[in-house]
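The figures here come from the full heavy-atom set of this structure, side chains too, leaving out hydrogens, waters and symmetry mates. Numbers for residues simply follow the sequence, beginning at 1. Computed from a predicted model, the values in this text were never measured in an experiment.
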Amino acid sequence: MTAVSLRLRDQSYEVIIGPGVRTALAGVVRRLGAQRAVVVSARPRQWVPDTGVPSLVLPARDGEQDKTLGTVEALCGEFARFGLTRSDVVVSCGGGTTTDVIGLAAALYHRGVPVIHLPTSLLAQVDASVGGKTAVNLPVGKNLVGAYWQPSAVLCDTDYLSTLPRREMLSGLGEIARCHFIGAPDLRGLTLAEQITASVRLKARIVEADERDTGMRHLLNYGHTLGHAVERATGYAVRHGEAVAIGTVFAGRLAGALGRIGQARVAEHHDVVRHYGLPAALPAEADTAALMRLMRHDKKAVRGLAFVLDGPKGAALVSDVPPDVVAGVLDGMPRMCVADLVASSGGAGR
């Protein structure tokens with residue numbers, strides 16, 4: 001078991017990583033002094049440990065289809081019917097989308113109730129559950145409505161990962177791969193538990209330095225600008241981590257086209273992504289014009305198109321990138337059909 005601490009101005013907590021750590025839930029609830037809990041779970045009932053207090057268990061579904069304001073409203077209604085108060089606690093149990101939705105519901109209900117995350121996917125353990133970002137989608141874009149709401153604890157039980165389909169594991173590896181370019185050491189030779197810990201530790205240090213995305217935290221969006229556009233353009237047939245991997249390869253190519261890095265470093269982006277078995281080609285179904293249009297909705301695009309890109313001093317946010325350069329790099333990327341991507345990554349199963 002490993003504990004990674006986040007020390008923030010208004011909230012500090014630990015991310016505990018290892019086999020069986022979900023059994024610590026009742027102790028965490030007790031330390032918070034909560035009298036009751038609402039557990040929102042996208043996993044079988046037996047996956048949810050005892051909270052140690054009277055609890056309401058609500059079902060959830062992982063996936064972008066439920067990452068909406070309607071789901072948040074429905075959850076808040078259930079909280080109210082149960083009589084949840086600010087002195088109680090909400091517990092999420094599921095993947096990245098479940099963590100995002102439950103985190104936002106906890107942030108909004110009574111203007112904020114404590115939340116504990118039990119992330120059950122690799123993606124949620126290395127990224128979504130840590131750092132306090134919560135959000136849901138709008139029809140025009142991904143993660144456009146949200147709030148910062150730090151959890152009271154995160155329990156990353158690696159036993160949960162033993163049941164994940166290969167494609168779900170790959171989605172989490174997409175976030176691990178991008179760490180290579182934002183300050184992590186080379187993680188390719190480490191065990192999965194070590195990769196999770198290193199990824200969480202990197203994110204913790206970045207969030208401690210910039211909780212509200214005013215500067216350094218932009219680094220965590222490496223590969224995400226194109227990644228989110230790919231997700232939207234394919235109706236989320238391409239999973240988040242897969243899309244981030246494609247976006248990471250693109251970020252390397254774009255940095256090269258802008259003269260920020262040399263060709264060896266551009267090639268390194270491709271090599272790292274392929275090491276993890278992740279896709280490096282754009283979906284053939286997503287044409288350049290559609291991707292350009294979607295990227296203009298990105299939250300970082302305050303002054304024209306903006307990307308987090310590698311450079312001589314490391315990764316940095318680059319604003320007002322010329323659209324013709326972006327389009328040229330997109331046109332130059334290899335393409336593959338979504339169906340082939342799904343087949344190569346182990347099928348469509350969750």
Side-chain angles (χ1 to χ4, degrees), residues 42 62-67 94-100 119-129 135 137 141-143 161 164-182 184 187-188 192 195-196 199 220-254 268-288 290-291 294-295 298 307-308 329-330 333-350:
D62 274 338
E64 301 290 339
Q65 73 278 359
D66 283 350
K67 196 174 171 182
T97 53
T98 296
T99 301
D100 273 359
T120 61
S121 72
L122 181 57
L123 177 66
Q125 291 191 5
V126 300
D127 187 53
S129 64
N137 304 332
K142 187 175 168 72
N143 293 338
L161 306 181
L164 288 184
R166 180 171 181 267
R167 195 168 179 214
E168 279 295 328
M169 289 295 291
L170 284 173
S171 191
L173 289 172
E175 294 285 2
I176 291 174
R178 70 86 162 85
C179 289
H180 187 99
F181 303 101
I182 60 172
L187 306 182
R188 285 175 284 183
L192 181 60
Q195 290 172 338
I196 294 169
S199 300
L220 296 171
N221 288 315
Y222 204 90
H224 283 60
T225 301
L226 178 63
H228 286 163
V230 167
E231 289 180 85
R232 292 274 297 124
T234 61
Y236 299 101
V238 177
R239 299 281 175 81
H240 177 71
E242 295 166 339
V244 168
I246 296 166
T248 296
V249 174
F250 165 79
R253 286 176 169 241
L254 181 58
E268 190 174 347
H269 284 69
H270 180 274
D271 293 344
V272 168
V273 163
R274 292 304 298 153
H275 168 83
Y276 290 101
L278 291 157
L282 277 171
E285 294 85 345
D287 65 75
T288 294
L291 293 172
L294 288 165
M295 286 190 291
D298 185 84
F307 302 88
V308 180
V329 173
L330 288 172
M333 287 190 67
R335 302 270 177 164
M336 69 183 300
C337 292
V338 169
D340 293 335
L341 184 155
V342 171
S344 68
S345 59
R350 289 196 178 279

message: Apply side chain to side chain contact (heavy atoms under 4.5 Å, CB included) to residues Val126 and Gln195 and explain how you reach the verdict.
response: CA-CA 9 Å; Val126 300; Gln195 290 172 338; over 6 Å; no

- request: With side chain to side chain contact (heavy atoms under 4.5 Å, CB included) as the test, would you mind laying out the steps for Val272 and Thr248 before giving the verdict?
  value: CA-CA 10 Å; Val272 168; Thr248 296; over 6 Å; no

message: Tell me whether Asp127 is salt-bridged to Arg178, with the criterion being a basic N under 4.0 Å from an acidic carboxylate O.
response: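 Yes, Asp127 and Arg178 are salt-bridged.
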
State, with a plain yes or no, whether a side-chain heavy atom of [X] is found less than 4.5 Å away from one of [Y].
{"X": "Ile246", "Y": "Pro283", "value": "yes"}
{"X": "Val308", "Y": "Thr225", "value": "no"}
{"X": "Leu254", "Y": "Leu226", "value": "no"}
{"X": "Leu291", "Y": "Leu282", "value": "yes"}
{"X": "Leu330", "Y": "Met295", "value": "yes"}

task: Kindly state whether the ring of His180 and the ring of His269 have centres lying under 6.0 angstrom apart.
output: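 Between His180 and His269, the centre distance exceeds or equals 6.0 Å.
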
message: So if I apply the side-chain contact (heavy atoms from CB on, under 4.5 Å) rule between Ile176 and each of Leu187, Val244, Leu278, which one comes out positive?
response: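 Considering Leu187, Val244, Leu278, a side-chain contact (heavy atoms from CB on, under 4.5 Å) with Ile176 is found only for Leu187.
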
task: Say whether, by atom type as modelled, one donor and one acceptor occur between the side chain of Asp287 and the main chain of Ala290 under 3.5 angstrom.
output: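 Checking the backbone N and O of Ala290 against the side chain of Asp287, a donor-acceptor pair under 3.5 Å is found.
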
query: Among Glu64, Gln65, Glu231, which one satisfies side chain to side chain donor-acceptor pair (under 3.5 Å) with Asn137?
result: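 That would be Glu64.
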
message: As a quick check of understanding, evaluate side chain to side chain contact (heavy atoms under 4.5 Å, CB included) for Arg239 and Leu123, giving each step before the final call.
response: CA-CA 10 Å; Arg239 299 281 175 81; Leu123 177 66; over 6 Å; no

task: Determine, step by step, whether His270 and Arg253 satisfy the side chain to side chain contact (heavy atoms under 4.5 Å, CB included) criterion, reporting the C-alpha distance in whole Å, the side-chain angles of both residues, the deciding distance to 0.1 Å, and the verdict.
output: CA-CA 9 Å; His270 180 274; Arg253 286 176 169 241; 6.0 Å; no

